[in-house]
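Before any comments, here is the structure.
Residue numbers start from 1 in every chain, and the chains themselves are labelled A, B, ... in the order their sequence lines are given, proteins ahead of strands. Keep in mind the model is a prediction, meaning the values are calculated, not measured.
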Number of protein chains: 2
Amino acid sequence: MLDDRKKKILASVVEDYITSAEPVGSKTIADKYNLEYSSATIRNEMKILEESGYLEQPHVSSGRIPSSKGYRYYVDNLMKSKKLSMLDINYINNSITGYGDTEDLFEQVADTVSKLLNRPTILTMKNEDVLESIKILKISDKILLVILMSENGTIKDVIAKLTDTIPDDSVRDLSKLLNTNLQGTPIEKLYNVLSTIISKELKVYSSVLEKICEGIRYEISGENKLVSSNNLKSILDLPEFADIEKAKNFLNMLSTKNAVDTVIEEISSKNLGIVIGSENQEIMLKDYSIISLNLTNDEGYIGKISVVSPKRIDYSKTVSTLNYINEKVKNIFSKDK
Amino acid sequence: MLDDRKKKILASVVEDYITSAEPVGSKTIADKYNLEYSSATIRNEMKILEESGYLEQPHVSSGRIPSSKGYRYYVDNLMKSKKLSMLDINYINNSITGYGDTEDLFEQVADTVSKLLNRPTILTMKNEDVLESIKILKISDKILLVILMSENGTIKDVIAKLTDTIPDDSVRDLSKLLNTNLQGTPIEKLYNVLSTIISKELKVYSSVLEKICEGIRYEISGENKLVSSNNLKSILDLPEFADIEKAKNFLNMLSTKNAVDTVIEEISSKNLGIVIGSENQEIMLKDYSIISLNLTNDEGYIGKISVVSPKRIDYSKTVSTLNYINEKVKNIFSKDK
DNA sequence: TATTAGCAGTCGATTAATTAGAGTGCTAAA
DNA sequence: TTTAGCACTCTAATTAATCGACTGCTAATA
């Protein structure tokens, strides 16, 4: 669609703008990137690129910045994949240790990505996760620790503070009962299923079970989402946030649940999903991009990492980082086998 | 020290400034607060208050704002205690449920305070907490869940992924061994104690123990501190952060570990500690105040809530809120008995 | 003697006017 | 088809002018 020269110019504009955050002029392109054309030629081409929607001009006597369409073309056709620096690789290897359960791992991943890319990162866990088994541990006469293990490898524990003491064999009894009744239940439905069971069948232990149920509701808040934004101060250092209103707008958008979530859900089908600026349905997101990668292990999809950023971000580095992390996660899972 | 009229004027200036965030002029005081003096008289008094360091003037033709000394005098001598609104009381009662272990409770407290006062809140747990007992649960052939219970009532679990399978009686053995060796160990020394024990004595299980040890290090990061800043967007709405540099400075200060921590540690002796602006040793904190209250239960000190804010904050409401929360926490602990 | 009315003076904040400079679009020549 | 060159545009930075809130001081008043 675009001829060779236009491609080169568009790529240069995008790459320059990604690092400088300033509108890019024809002279800059001619000087800094050794294209063989004069600034006048580039000027003409840029005008055409603008007319066809790849570039835009903040005002008539300024340089150009990429439009959402421009970034899109760049990402789809022009972007070269980047190797991660040794520094970054080391950082990843040191900070994603694989300690703990799946949720711990996800937390490490979110923190690492957020730190490396200096952007808020959202981690969504596969939400078809299902209960594998329950263990109950009597901590004291009146306190039970209920441990939920999911197929995914997540371990949650729920504390139930009882009103009466409970004998040891009741605990064993209860444990069997819960396992037979709840095995295979989707984690996020646990509360509902258990509470209907209580009201219908398990009258014997209803007082204890209610405490457990309450605990489950508290512990499993329904949203299997994890947001990490390491070092907010340095995120606000991005030039797009020089205006505090922009910064507040960004923070606001992040804390508006639905905004980002719907986008992330919609791109779930593809492995790598990049949604740029105005491509977002949600108007709140029109200046931001979301770059999202499915995490997989041997058994398939386990969750998703999503980076949220102003449109201006090093897409190539972001993708490389996410891919590397996915490999890392795969390794950890297969090592645990 | 200050005569009655000066006290009234100082109180009015502080209270007006707390709500308006604008330097307060003599006319404002004369009109809004029905003191019986003319603006000229107030002007004269304000000048004296300034000369003795209670007020300061951003520039010569502006109103006055309280200095750190002024706030201090207000807090110590002039401030009237405020009743919490029913709205606030309800909010507290609904959001501090007492579910879970002590750490969950602290988290609820931090979130609630942060939300009510719209300020970042730091919760420090008593760090003389000591291990009460350990339980080990075999989750699968190669995964152990090690549960640490402290005297304080905190429950932590550590996952140990083993390299080899472990028989059931070894688990029991191990459990006894750990209990006899570690009971009474301060939580934050657990890692060190365990690792020296491994190297010296418990050679038999050393491979398993190392995994556990690793887990403990990860889980108990040494800092028993919890920071909550609900809804950052609305904190940035404070007029002191109209300038983004100020906002970044604040965020930076918060993430600089030592800055706030040393202050909080130093005020540990008293029950209620208020450190205002320049009273802080640390220069980073010169524009901020820290209001900190010791939480107690029947057995005494269990931790501390600290609110971090620009100097301008409703000290009275803050203190009332913290006191109410302390009562609430006491109730929860005594109910659990 | 203590208080107050009144007024000149200060200084930040706002608005308007000026200038500088980066970058464009277009024309005409190569 | 490309490019040199120039007139033109518009932002950003600078300077100047004005406004207004508030003070400090003086002199009159209670």
Exercise. Separation of A/I48 atom CD1 from C/dT24 atom C1', in whole Å?
Worked result: 14 Å
Exercise. According to the side chain to side chain donor-acceptor pair (under 3.5 Å) rule, which pairs have a member within residues 46-55 of chain B, sequence neighbours left out?
Worked result: B/E50-B/R64
For this session: Check DNA chain C against residues 24-38 of chain B and give the residues with a non-hydrogen atom under 4.0 Å, in numerical order.
Result: B/E36, B/Y37, B/S38
Problem set entry | Set of residues satisfying side chain to side chain donor-acceptor pair (under 3.5 Å) with respect to A/N77, sequence neighbours excluded | none
For this session: Please step through side-chain contact (heavy atoms from CB on, under 4.5 Å) for the pair B/D88 and B/Y324, ending with a clear verdict.
Result: CA-CA 10 Å; B/D88 289 347; B/Y324 186 85; over 6 Å; no
Exercise. Sequence neighbours excluded, which residues qualify as side chain to side chain donor-acceptor pair (under 3.5 Å) partners of A/Y315?
Worked result: A/S289
Problem set entry | side chain to side chain donor-acceptor pair (under 3.5 Å) involving A/S320 - partner list, sequence neighbours excluded | none
Exercise. Does A/K115 have any side chain to side chain contact (heavy atoms under 4.5 Å, CB included) partners at least two apart in sequence or in another chain, and if so, which?
Worked result: A/Y91, A/N230
Seminar exercise, completed: side chain to side chain donor-acceptor pair (under 3.5 Å) filter on B/S114, not counting sequence neighbours, yields none
For this session: For A/E45, check side chain to side chain contact (heavy atoms under 4.5 Å, CB included) against everything at least two apart and list the hits.
Result: A/D3, A/R5, A/K6, A/I9, A/I48
Problem set entry | Letter per nucleotide, 5' to 3', of nucleotides 25-30 of chain C [B base touched, S only sugar-phosphate touched, - untouched; heavy atoms, 4.0 Å] | BB----
Exercise. Which residues pass the salt bridge (charged side-chain N to carboxylate O under 4.0 Å, His left out) test with A/K248, sequence neighbours left out?
Worked result: A/E245, B/D237
Seminar exercise, completed: Bounded by its outermost nucleotides with an atom under 4.0 Å from a heavy atom of chain A, the footprint on DNA chain D reads D/dT2 to D/dT11
Exercise. A/S62 or B/R5: which one's nearest nucleotide on DNA chain C is closer to the 5' end?
Worked result: B/R5
Problem set entry | side chain to side chain contact (heavy atoms under 4.5 Å, CB included) against B/E265, all qualifying residues, sequence neighbours excluded | none
